[in-house]
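One is the number of the first residue; the rest follow in order along the sequence.
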Amino acid sequence: MPPPPHGKWWYDRVHMYYGKSRGHLHLSEMYNQTTRLTVYEMERDYSGWFVKYNVDIAAVGIAFPELVQIPNNWYIGCSILDVVREESDEESYMVISVGGKFVKYRLVDGSFKTICDASQHNDGDDPLLYYHWCNSHEYIESLSYI
């Protein structure tokens with residue numbers, strides 16, 4: 001599998017998400033000290049990656065100031081938990097974790113809404129409320145006991 005594209009400033013980016021949805025493989029990276037991110041998608045023949053979405057989540061930072069208040073860190077204070085492809089691109093979205101809140105961010109029009117606020121059930125600074133894509137799992141309904 002070919003690596004994702006990288007420009008001459010590859011060290012200014014961090015991979016935020018790697019996963020699949022509706023048979024499409026996605027990789028997301030965020031640029032250093034910005035609210036801009038790129039969602040790449042793998043070609044169907046696995047020959048390479050192409051830019052599926054260019055996103056700026058600055059509006060989310062206005063609604064959730066904890067997104068941009070990160071001491072001692074070069075990167076934004078959120079984690080992309082999932083990129084969800086719907087049947088039409090207009091309905092596709094990301095699920096973002098910001099300070100214990102989970103936000104649905106629509107990729108095409110940039111609208112967003114809180115889908116869960118786990119921070120209101122937190123007495124202190126519980127690190128378990130700060131999820132990252134590498135410790136979240138896709139829910140699959142099943143009759144099998146796991």
Side-chain angles (χ1 to χ4, degrees), residues 1-120 122 125-142 146:
M1 181 168 41
H6 59 81
K8 81 179 199 186
W9 305 112
W10 60 269
Y11 52 85
D12 280 339
R13 296 182 258 179
V14 64
H15 291 110
M16 298 287 292
Y17 172 80
Y18 180 76
K20 66 173 182 65
S21 179
R22 289 190 176 269
H24 300 274
L25 186 61
H26 296 108
L27 174 75
S28 176
E29 62 184 16
M30 185 166 276
Y31 298 93
N32 183 354
Q33 295 182 327
T34 71
T35 55
R36 294 178 304 126
L37 62 97
T38 302
V39 178
Y40 294 99
E41 186 171 291
M42 176 64 76
E43 296 281 357
R44 289 300 236 179
D45 63 358
Y46 306 105
S47 62
W49 297 87
F50 65 93
V51 175
K52 182 67 177 173
Y53 305 104
N54 279 308
V55 179
D56 189 349
I57 58 172
V60 178
I62 293 168
F64 303 98
E66 57 268 33
L67 181 79
V68 291
Q69 296 174 357
I70 312 121
N72 304 320
N73 192 338
W74 285 94
Y75 298 101
I76 201 96
C78 75
S79 184
I80 300 168
L81 301 181
D82 204 359
V83 173
V84 180
R85 284 281 302 265
E86 295 291 359
E87 288 192 30
S88 74
D89 264 353
E90 290 75 29
E91 299 299 317
S92 296
Y93 62 93
M94 293 187 305
V95 178
I96 304 171
S97 171
V98 181
K101 298 175 183 81
F102 300 92
V103 177
K104 178 180 179 177
Y105 180 91
R106 292 181 51 155
L107 292 161
V108 173
D109 67 8
S111 64
F112 60 92
K113 68 176 182 175
T114 302
I115 54 178
C116 178
D117 185 356
S119 66
Q120 63 188 349
N122 188 11
D125 192 21
D126 187 352
L128 294 177
L129 293 179
Y130 298 89
Y131 293 95
H132 299 283
W133 67 271
C134 57
N135 59 10
S136 64
H137 303 279
E138 181 179 355
Y139 171 76
I140 300 171
E141 189 170 350
S142 172
I146 299 177

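In summary, the side chains of Tyr40 and Glu29 do present a donor paired with an acceptor at a separation below 3.5 Å, with no hydrogens or angles considered.
Atom CD of Glu43 is separated from atom CH2 of Trp49 by 10.5 Å, given to the nearest 0.5 angstrom. Expressed to the nearest 0.5 Å, how far OH of Tyr17 lies from OG of Ser28 amounts to 9.5 Å.
Counting only heavy atoms from C-beta outward, the side chains of Val95 and Ile115 approach each other to under 4.5 Å. In this structure, the side chains of Lys52 and Arg85 come closer than 4.5 Å at one or more pairs of heavy atoms. At least one side-chain heavy atom of Val55 sits less than 4.5 Å from a side-chain heavy atom of Leu107. By the 4.5 Å heavy-atom criterion applied to side chains, Ser21 and His26 are counted as neighbours. Counting heavy atoms from C-beta outward, Phe50 and Glu41 have side chains that approach closer than 4.5 Å. Between His24 and Arg44, some side-chain heavy-atom pair lies under the 4.5 Å cut-off. With contacts defined as side-chain heavy-atom distances shorter than 4.5 Å, the pair Leu25/Leu27 does not qualify.
In terms of the salt bridge (Lys or Arg N to Asp or Glu O under 4.0 Å) criterion, Asp45 has no residue partners (sequence neighbours excluded). Residues passing the side-chain contact (heavy atoms from CB on, under 4.5 Å) test with Arg36 are Tyr31, Thr34, Asp56, sequence neighbours excluded. Shown here are the side-chain hydrogen bond (donor to acceptor under 3.5 Å, both in side chains) partners of Thr114, two or more places apart in sequence or in another chain: there are none. When the side-chain contact (heavy atoms from CB on, under 4.5 Å) test is applied to Glu86, the partners found at least two apart in sequence or on another chain are Arg22, Val84, Glu91, Ser92, Tyr93. Applying the side-chain hydrogen bond (donor to acceptor under 3.5 Å, both in side chains) rule to Tyr53 yields the partners Asp89; only residues at least two apart in sequence or on another chain are considered.
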Test side chain to side chain contact (heavy atoms under 4.5 Å, CB included) applied to Leu37 and Met94, step by step: CA-CA 12 Å; Leu37 62 97; Met94 293 187 305; 4.2 Å; yes
Table please: side-chain donor-acceptor pairs of residues 58-65 below 3.5 Å, with sequence neighbours left out.
none

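Residue Tyr105 comes nearest to Ile96 through the heavy atom pair CB-CD1, 3.8 Å, listed as atom of the first residue, atom of the second, then distance.
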